[in-house]
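These notes concern the structure reproduced below.
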Amino acid sequence: MHIDRLEGLFLWLAAGMLLLFAGAVVISVFGMGIQLPSIVDTVNPTTLRQEAGFDRPGIREIYEGRYEVYMVVSQFSFDPKSIEVPVGSRVTFYLSSTDVIHGFKVFDTNVNIMVIPGQISEVTHTFDEPGDYQFYCHEYCGSGHHNMQGVVHVVEASDE
Ligand code: CUA
């Protein structure tokens, strides 16, 4: 079969681009730790505050440098709305809503997730730089939407 020289060139170019994009995905997932937020479980939104984890919203240290946060999201607040971790901490957030769809976006990070009634959303982030990381709701959820915000305080370990 005869393949024209230019046609062959474009075939190789297309194959090269496929490899490049596949490589970019592999590097972002395994090299940079960028992940898609995932839905871990379903839950009854009307009894969310009685469900395991969500019955005591807040931050817990699992082991040194590793934390989990259970957060109840509802019109128009995050519970908890303020957490504090030492710099370098890896934090897994579990979120769910008691009413409508909300959003959870932590400024200056890749944490950006929808919070859907009936579902538990999970996202993990390592806070490598000290500072105050504001988070806020980015899904319009009603008249108090603009008031839904909070903050992750990332402090130097010596400040503990
Ligand atoms: Cu909650 Cu917008």
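Counting begins at 1 with the first residue of the sequence.
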(message) Through direct or indirect side-chain contacts below 4.5 angstrom among Ile, Leu, Val, Met, Phe, Trp and Tyr, which residues connect to F30?
(response) V25, V26, V29
(request) Could you identify which residues cluster with V151, counting Ile, Leu, Val, Met, Phe, Trp and Tyr as linked when any side-chain heavy atoms lie under 4.5 Å apart, either directly or through a chain of such contacts? (result) none
(request) May I ask you to decide if the ring planes of F104 and F135 are parallel, tilted or perpendicular, using 30° and 60° as cut-offs? (result) tilted
(request) Just jot down the salt bridge (Lys or Arg N to Asp or Glu O under 4.0 Å) partners of D79, sequence neighbours excluded, or say none. (result) R49
(message) Tell me every residue that passes salt bridge (Lys or Arg N to Asp or Glu O under 4.0 Å) with R60, counting only those two or more places apart in sequence or in another chain.
(response)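 Partners of R60 by the salt bridge (Lys or Arg N to Asp or Glu O under 4.0 Å) criterion, ordered by chain and then number, come out as E68.
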[X] to [Y] - nearest heavy-atom pair and separation:
| X | Y | answer |
| --- | --- | --- |
| M148 | C141 | SD-SG, 3.6 Å |
| Y67 | P86 | OH-CD, 3.2 Å |
| E129 | V87 | C-CG2, 3.7 Å |

(message) Taking side-chain contact (heavy atoms from CB on, under 4.5 Å) as the definition, give me every residue that meets it alongside T47, ordered by chain and number, with sequence neighbours left out.
(response) N44, Q50, E51
When rounded to the nearest 0.5 angstrom, what distance separates [atom1] in [X] from [atom2] in [Y]?
| X | Y | atom1 | atom2 | value |
| --- | --- | --- | --- | --- |
| H153 | Q134 | NE2 | CD | 8.0 Å |
| I27 | L20 | CD1 | CG | 8.5 Å |
| I120 | S97 | CD1 | OG | 12.0 Å |
| F10 | D4 | CZ | CG | 10.5 Å |
| L48 | L95 | CG | CG | 10.0 Å |
| E61 | Y63 | CD | OH | 10.5 Å |

Do [X] and [Y] come close enough that some side-chain heavy atom pair is under 4.5 Å?
| X | Y | answer |
| --- | --- | --- |
| S96 | V72 | no |
| R90 | T124 | yes |
| E84 | I59 | no |

(message) Show, in sequence, the C-alpha distance, side-chain angles and deciding distance for V43 and Y94, and conclude whether the side-chain contact (heavy atoms from CB on, under 4.5 Å) test is met.
(response) CA-CA 12 Å; V43 71; Y94 298 96; over 6 Å; no
(request) If a pair satisfies side-chain hydrogen bond (donor to acceptor under 3.5 Å, both in side chains) and one of its residues is in residues 135-150, list it, with sequence neighbours excluded. (result) N112-H138
(message) If hydrophobic clusters are built by linking Ile, Leu, Val, Met, Phe, Trp and Tyr wherever their side-chain heavy atoms come under 4.5 Å apart, do V100 and F76 end up in the same one?
(response) no
(message) Membership question, hydrophobic clusters at under 4.5 Å side-chain separation (ILVMFWY): are F107 and F93 in the same one?
(response) no
(request) Spell out, as yes or no, whether a donor-acceptor pair under 3.5 Å connects the side chain of S121 to the backbone of M114. (result)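 Judged by distance alone, yes, a pair lies under 3.5 Å.
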(request) Keeping the roles fixed (side chain from Q75, backbone from G144), state whether a donor-acceptor pair exists under 3.5 Å. (result) no
(request) Compute the centroid of each ring, for H125 and then for F127, and state whether the two points are separated by less than 6.0 Å. (result)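 When the ring centroids of H125 and F127 are compared, they turn out to be within the sub-6.0 Å range.
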(message) Between C137 and F78, does the side-chain contact (heavy atoms from CB on, under 4.5 Å) criterion hold? Intermediate values first, please.
(response) CA-CA 9 Å; C137 177; F78 295 97; 4.0 Å; yes
